[in-house]
Asker: 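Handing you a structure now.
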Amino acid sequence: MTEYLAVDGGTIAYEVAGSGPLIVLAHGMGDSRAAYRAVIPPLVAAGYRVAAVDLRGCGESSVDWPAWSRTAIAGDLLAVVRHLHSISGGAATIAAAREPSLITAVVELAPFTRKQSIRLGDLRVKRLRQGMLRLLGAAMFGSVPLWRSYLDVAYPGVKPGDCSERLDRVDSLLREPGRMKALKGMGTGAQLGNVRRPVLIVMGTLDPDWADPHAEGSAIVDALPAGLGTLKMIEGAGHCPHDQFPDEVVSLTLAFLGSDAARA
């Protein structure tokens, strides 16, 4: 059932299931909390209280916001945590840096947490060229068809059984007034060096957003304070490992949350 939280500048939609330590799930650009539909039940069954959030401008959250930066989104996530009393989660490293007392650990799936740059040689990687051209077109022209075309590239190989229906829903939401503007406004932001909680980075080996996803994941770990970052790769996954390989993502997440580092 959808619940709503009023924060400064708008309203955040979310849903909660289960009981126990709180996990907050925050989706990526242009998506909604439905991205986590396959991982919520097993996390609840494992004894967690799971809150799936529609980021500002996305899903059922309101669209008229003064900003869509990841720092602003981090503030929304912290507001949800305070409201529900606990966390996890893309802008999550910023939230972890800002208020570590509220956060036990962070799991990031294919995160944009560093300043990005593309080398000329990277363009030799076909999946990167395909994904980048579609992303740039969607951002420049506010094109929903180009965004959907990017998502086709973001799901290489294995696709969830309801993938077509879910992408139809994404397409429909982005055509609502203000939704594409929110997508285009979501910039980057990083406070990796200020994080004081353990972080698990999960990357797909076929993620089209990077020429070398393993190298990107390793760079994120290196940018965190020593000993806090762990990188795990999922073979054959694109930019949405939680949707393509939910069982593997849940397994990695539960093992990480149960580790000595995450419980310290």
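Start at 1 with the first residue, then count along the sequence.
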Asker: With a 6.0 Å cut-off on ring centres, are F112 and W210 close enough?
Answerer: yes
Asker: Is the ring centre of Y36 less than 6.0 Å from the ring centre of H242?
Answerer: yes
Asker: Any chance CG of D162 has more than 12 other-residue heavy atoms, nucleotides or ligands included, within less than 6.0 Å?
Answerer: yes
Asker: The test is side-chain contact (heavy atoms from CB on, under 4.5 Å); show your working for V249 and I234 and say whether it passes.
Answerer: CA-CA 8 Å; V249 168; I234 296 184; 3.7 Å; yes
Asker: Within the supplied structure, the quantity of interest is the number of heavy atoms (other residues, nucleotides, ligands) at a distance under 6.0 Å from E176 CD; does it exceed 12?
Answerer: yes
Asker: Can we say R166 and D243 salt-bridge, meaning some charged N sits less than 4.0 Å from an Asp/Glu carboxylate O?
Answerer: yes
Asker: Between T2 and E15, does the side-chain hydrogen bond (donor to acceptor under 3.5 Å, both in side chains) criterion hold? Intermediate values first, please.
Answerer: CA-CA 5 Å; T2 303; E15 60 182 275; 5.5 Å; no
Asker: With a 4.0 Å cut-off, would you call R134 and D152 a salt bridge?
Answerer: no
Asker: Do the side chains of R148 and D168 get close enough for a salt bridge, i.e. N-O under 4.0 angstrom?
Answerer: yes
Asker: Do we see a donor-acceptor contact under 3.5 Å between the side chains of H239 and Y155?
Answerer: no
Asker: With rounding to the nearest 0.5 Å, note down the distance linking CD1 in I220 to CG in L231.
Answerer: 8.0 Å
Asker: I'd like to know if the side chain of Y150 pairs up with that of Q130 as donor and acceptor (distance under 3.5 Å, no hydrogens or angles considered).
Answerer: no
Asker: Is it true that R82 and E99 make a salt bridge, defined as a side-chain N closer than 4.0 Å to a carboxylate O?
Answerer: yes
